[in-house]
Structures are given as structure tokens and as C-alpha cells.
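Contents: one structure, followed by commentary.
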Amino acid sequence: MTEKIYIFDTTLRDGEQSPGASMNLDEKLQIAEVLDSMKVDIIEAGFPIASNGDFEAVREVCKKVKNSTIAGLARASLKDIDRAWEAVQHARSPRIHTFIATSPLHMRFKLKKTEDEVLEAIKKTVSHARNLCDNIEWSCEDGGRSELDFLYKCIELAINCGASTINIPDTVGYTLPEEFGKIFKNVKNNVINIDKAILSTHTHNDLGLATANNVAAIKEGARQVECTINGMGERAGNSSLEEIVMTLKVKKDLMPYHTDIKTELIMKASRLVSSITGFPVQPNKAIVGANAFAHEAGIHQDGMLKHSGTYEIMTPESVGLNKSSLVLGKHSGKHAFSEKLKELGYEPGDNALMELFGRFKDLADKKKEIFEEDLIALAEDRSASYDEHIKFVSLEVNAGSVEKPEANLKIDMDDEIKSVKINGNGPVDATFNAIKKLTATDFKLKLYQVNAITAGTDAQGEVTVRLEDDDLSSQAKGSDPDIIVASAKAYISALNRLIFKKSKSIKENSSNLQIRGV
């Protein structure tokens with residue numbers, strides 16, 4: 001049996017303090033339920049004294065969560081502690097988490113207190129909290145910059161007053177891993193009653209060292225890690241839950257510890273938090289980023305096709321994904337290209353494959369993203385290119401509440417410029433009517449979806465369009481700062497693909513008729 005590392009998730013408290021990441025009650029309950037189902041040991045649900053909304057959220061999370069311990073944060077104030085207890089007392093397993101700063105900088109300029117006054121505040125508030133609740137956590141804010149001798153006195157006093165968890169935070173993300181680990185080692189060796197408490201670590205990512213610092217703390221005696229989903233948190237964020245948990249799972253040889261986290265729910269939690277807060281996960285983010293299990297380089301793809309362990313240190317299934325992805329692009333190799341063609345039903349000979357691969361490389365240099373339709377075009381007709389039949393040239397739209405919306409569209413269709421002015425029920429309807437008029441098509445519009453790529457009124461818009469005709473369909477995206485222009489680009493792109501698919505289907509049917517002798 002290995003020692004357990006307790007996971008303390010503070011997404012609902014420290015994570016929510018990320019500017020712009022405020023959550024309403026229903027959203028907090030959704031996240032809390034996922035964290036509980038993941039078997040997170042402690043959920044810090046909020047800061048009850050901060051507002052009535054925060055108090056209500058903590059109280060309702062306590063009622064909703066079935067297994068996790070629920071913590072409420074409180075400053076070194078009797079009023080804060082009473083309010084925290086009022087909120088968390090409804091939990092199956094409640095905890096009061098109280099803190100006070102212990103670094104010279106914070107004590108002098110923020111608290112305006114002497115060391116003796118801070119010690120008196122610890123004695124008074126931790127004792128009061130312990131009289132209310134059996135489970136007390138005490139934190140020394142800015143512990144990473146605190147003087148060790150004073151830190152020892154504070155920790156010893158907090159434990160004597162009833163704290164069963166001692167959290168040492170690198171509040172401003174200042175320390176290096178060897179510095180932070182040494183703090184824990186010194187505390188273990190110099191606080192005489194430290195065996196009566198669990199040591200906890202809480203790190204921030206200001207220097208990009210949050211997870212590394214937590215790993216160093218674990219190695220030197222920390223048995224609780226405070227973290228957030230996707231690394232949400234103040235300034236540059238906290239240490240990511242997914243990074244800590246998967247580090248312990250992957251590096252068991254050097255770190256013989258375990259957590260109870262159901263790692264298969266990591267992606268679900270990540271996507272939920274990202275969706276609720278509106279904070280996208282960067283593509284190259286460890287564990288949960290879109291590229292974490294994606295491979296484009298030819299050497300990597302070749303290795304992955306032979307054995308996934310060549311370039312993946314964990315399986316995508318272990319964090320809740322179905323499989324890895326081999327992304328075709330200008331860095332892809334012949335092996336991955338050939339395998340993708342086989343998936344699409346094409347198995348060209350060696351000479352034909354080399355020619356197709358050369359054309360694929362030329363196309364990949366021009367296009368940021370390669371679609372299956374591109375590969376089909378290469379395999380079916382080496383001169384064909386589905387996105388060259390119709391091209392967007394320009395668009396002017398008149399719209400508003402006075403005149404009926406009108407679109408003035410110009411396209412390049414088979415190297416011939418065509419234009420038309422036409423009305424519609426709205427600017428998008430007028431634009432789509434113009435495209436249908438110029439191309440003499442009238443396919444069914446099955447999906448029209450608009451998303452803002454960035455925040456603000458000047459955001460670039462991304463439009464998704466799906467067209468259908470009989471049993472064939474095609475979907476495409478278009479982006480532009482003008483959402484109507486983005487709509488036109490998306491419709492034209494989807495139209496090109498559907499026309500290509502229809503021509504391919506006609507060729508296949510014609511071949512079948514010839515084979516049957518019709």
C-alpha cells in the first residue's frame with residue numbers, strides 16, 4: 001500500500017477569483033457534483049463572508065454533495081469564522097479553513113500587526129473555530145516568503161489550538177521547487193507537534209512552477225495538495241488538479257503515493273469548468289489541452305502507429321478521452337497519410353502513393369487544416385479541389401428596422417465573376433438567398449451556428465453551416481470580424497464540399513451501372 005495524497009479542490013473559491021470567472025449558484029452546484037463524483041477529498045466551496053451569494057452557494061453545495069468534505073474559507077476574524085461555520089455545518093463532513101499572513105511584508109503593510117499580535121490572532125481564531133467544528137485547517141498566507149523561525153511558532157500554536165491540517169501556501173508563486181520543498185522539510189524537522197497534523201501545499205503559477213512546487217512539497221512531507229481544475233485561480237492561476245493527479249499516477253516509481261481521484265472524469269470536469277467560466281483551455285495545456293493527445297509530426301505519427309507508448313506517457317482513456325488523434329498537416333509522414341487513406345477506403349500502389357503524398361504536402365503548405373474531403377479529392381481526381389469551384393469575393397449588406405435587408409454579393413464561380421442584389425428576411429437570409437441565386441442551388445440548411453472566437457464587441461465571429469441534399473451532407477466553418485461575411489464564407493465552403501460529394505456520388509453510381517451492364 002502507498003501513502004494517500006488528499007486532493008483539496010479550490011476551483012469554486014480560488015478558481016472563481018480569476019477575473020471574469022464568477023459563477024452563479026446553479027453553475028457551482030454542477031461543478032461540485034462532478035468534483036464529488038471524481039472523489040475529490042475536500043471541496044473548498046467558497047468564502048462565505050464575501051457576499052450573501054457566496055454564503056448561499058457554500059450552504060447549498062454542502063446539502064448537495066454526498067461524499068466530499070466541504071470547506072469554507074475565513075480570515076482570522078471571529079465574524080468570518082462564525083459565518084463560515086453557519087454555511088458549512090450542513091455538510092456531511094464540514095471543515096473551517098482559516099488563515100492569516102505570516103510574511104514580514106504582509107504583516108507590516110497589509111495587516112499592520114507585529115509578530116506577537118499575529119500569534120495572538122492565531123490563538124484566538126483557531127481556538128474559536130475548533131469549538132465550532134472538529135475539522136480545522138489553518139493557513140499561513142505568503143508562507144513561501146515567511147521567516148522560518150516565526151513560521152515554526154505559528155504552526156505549533158495553530159496545532160495546539162486545534163488545527164488538524166496545516167497549509168503552507170506559496171501565495172504569490174515566488175519560490176523555486178528546491179526552496180519550497182526545503183520549507184516543508186524544515187517544518188517537519190522543527191515543529192515538535194507536526195505529527196498531529198496533515199501538511200498541505202497550495203501553490204500559484206506566477207513563474208510557471210506551481211505543479212513543480214507541489215511535487216517538491218509532496219516529496220518533503222505534504223500529504224494534501226490544494227489545486228483547481230484547469231489551473232484556474234488568482235493572477236496566473238493555481239496548480240492544476242489534473243497535472244498533480246496524473247503526475248502521481250505516471251511517476252509511481254519515484255513518487256510512491258496515490259490519490260482516490262477517478263481520473264476518467266478529468267476531461268468532463270475540465271470541459272464543464274471551461275464552459276461555465278468561459279475560460280478556454282489552451283490547446284497545448286498538459287493533460288486536458290486539445291493537443292495533449294494529438295500528433296502531427298511524421299516521426300511521432302509513425303511511432304504511434306507502431307506502439308502508442310513511443311510518444312504517450314499515459315493513455316487518453318485514463319483521463320476520459322476515447323482515443324489519440326493523428327492530425328494530418330505539413331509535418332505528417334507517409335505512414336500516417338497512407339493509414340488515413342485506408343480509413344477512407346483507398347489503397348493506392350507505392351508509386352501512386354508517393355505521387356499523392358507529394359500533392360498532399362503541397363496542399364498542406366497552403367491550408368492550415370486538412371479535411372477528409374481534401375484527401376478524397378486527391379485520391380479521386382488529382383486535379384480536383386472541392387474548394388476552388390466557388391470563391392467568395394465581396395459582400396455588402398443593407399439592414400436595419402427601416403428598409404428590407406438586401407445583400408449585394410459577388411463570387412468567383414469557375415473563374416467567372418458573378419454578382420447579384422437580393423432581399424431577405426434578415427441580413428443572413430438575404431446573403432444565403434444571394435448565394436443560392438448565383439449558384440442555382442437550393443440545398444437544405446440544417447445547421448447555422450455562431451460563436452465568438454474572442455471576447456468583446458470587436459470579436460472575430462466563427463460561423464458553422466451544415467447543408468444537406470438527399471442522403472448527403474456537408475459542414476464547414478467561416479470566420480471574419482463581420483459575422484455576415486463569416487456566414488457567407490461558411491455557406492460557400494459547405495456548398496463546395498456538398499457539390500464535390502454529389503459529383504463523387506454520381507461517378508460511383510455511374511461506375512456501378514457500367515459494371516452491371518446497364
Inset, instruction - Give a yes or no on whether Tyr174 atom OH has more than 12 heavy-atom contacts from other residues, nucleotides or ligands under 6.0 Å away. - result: no
Legend entry - Pair Ser139-His202, side-chain donor/acceptor within less than 3.5 Å: no
Legend entry - Derivation and outcome, ring pair (Phe, Tyr, Trp, His ring centres under 6.0 Å), residues Tyr448 and Phe432: CA-CA 11 Å; Tyr448 176 73; Phe432 288 178; 5.8 Å; yes
Legend entry - Partners passing side-chain contact (heavy atoms from CB on, under 4.5 Å) against Asp36 (at least two apart in sequence or in another chain): Val65, Lys66, Asn67, Ser68
Legend entry - Short side-chain to backbone donor-acceptor contact, Thr201 and Val225, under 3.5 Å: no
Legend entry - Polar side chain donor-acceptor pair, Asp414 to His389, under 3.5 angstrom: yes
Legend entry - Cation-pi geometry met for Arg83 and Phe55 (6.0 Å, 45°): yes
Inset, instruction - Establish, from distance only, whether the side-chain atoms of Asn213 and His204 form a donor-acceptor pair under 3.5 Å. - result: no
Inset, instruction - Tell me yes or no: between the side chains of Gln30 and Asp26, is some donor less than 3.5 Å from an acceptor? - result: yes
Legend entry - Short side-chain donor-acceptor distance under 3.5 Å, Thr10 and Thr228: no
Inset, instruction - Please report the C-alpha distance between Lys437 and Leu409 in whole Å, then the side-chain angles of each, then the deciding distance to 0.1 Å, and finally whether the side-chain contact (heavy atoms from CB on, under 4.5 Å) criterion is met. - result: CA-CA 10 Å; Lys437 180 75 173 177; Leu409 176 70; over 6 Å; no
Legend entry - Ser473-Lys446 side chain donor-acceptor pair, cut-off 3.5 Å: no
Legend entry - Donor-acceptor pair between Lys285 and Ser240 side chains, under 3.5 angstrom: yes
Inset, instruction - Take atom OH of Tyr6 as the centre, draw a 6.0 Å sphere, and report whether it contains more than 12 heavy atoms from other residues, nucleotides or ligands. - result: no
Legend entry - Side chains of Thr203 and Asn214, donor plus acceptor under 3.5 Å: yes
Legend entry - Distance-only donor-acceptor check, side chains Thr175 and Asp170, under 3.5 Å: yes
Inset, instruction - Please determine which of Val465, Asn496, Thr431 meets the side chain to side chain contact (heavy atoms under 4.5 Å, CB included) test together with Tyr491. - result: Val465
Inset, instruction - Just do the side-chain contact (heavy atoms from CB on, under 4.5 Å) check on Thr439 and Ile411 with the steps written out, would you? - result: CA-CA 9 Å; Thr439 60; Ile411 63 172; 4.0 Å; yes
Legend entry - Flag if over 12 foreign heavy atoms under 6.0 Å of NZ, Lys421: no
Legend entry - Residue among Glu44, Glu16, Glu33, Glu60 satisfying salt bridge (Lys or Arg N to Asp or Glu O under 4.0 Å) with Lys28: Glu16
Legend entry - Note: Glu141-Lys110 ion pair, threshold 4.0 Å (strictly below): yes
Inset, instruction - Would you check if Lys418 and Asp412 make a side-chain contact, meaning some heavy-atom pair closer than 4.5 Å? - result: no
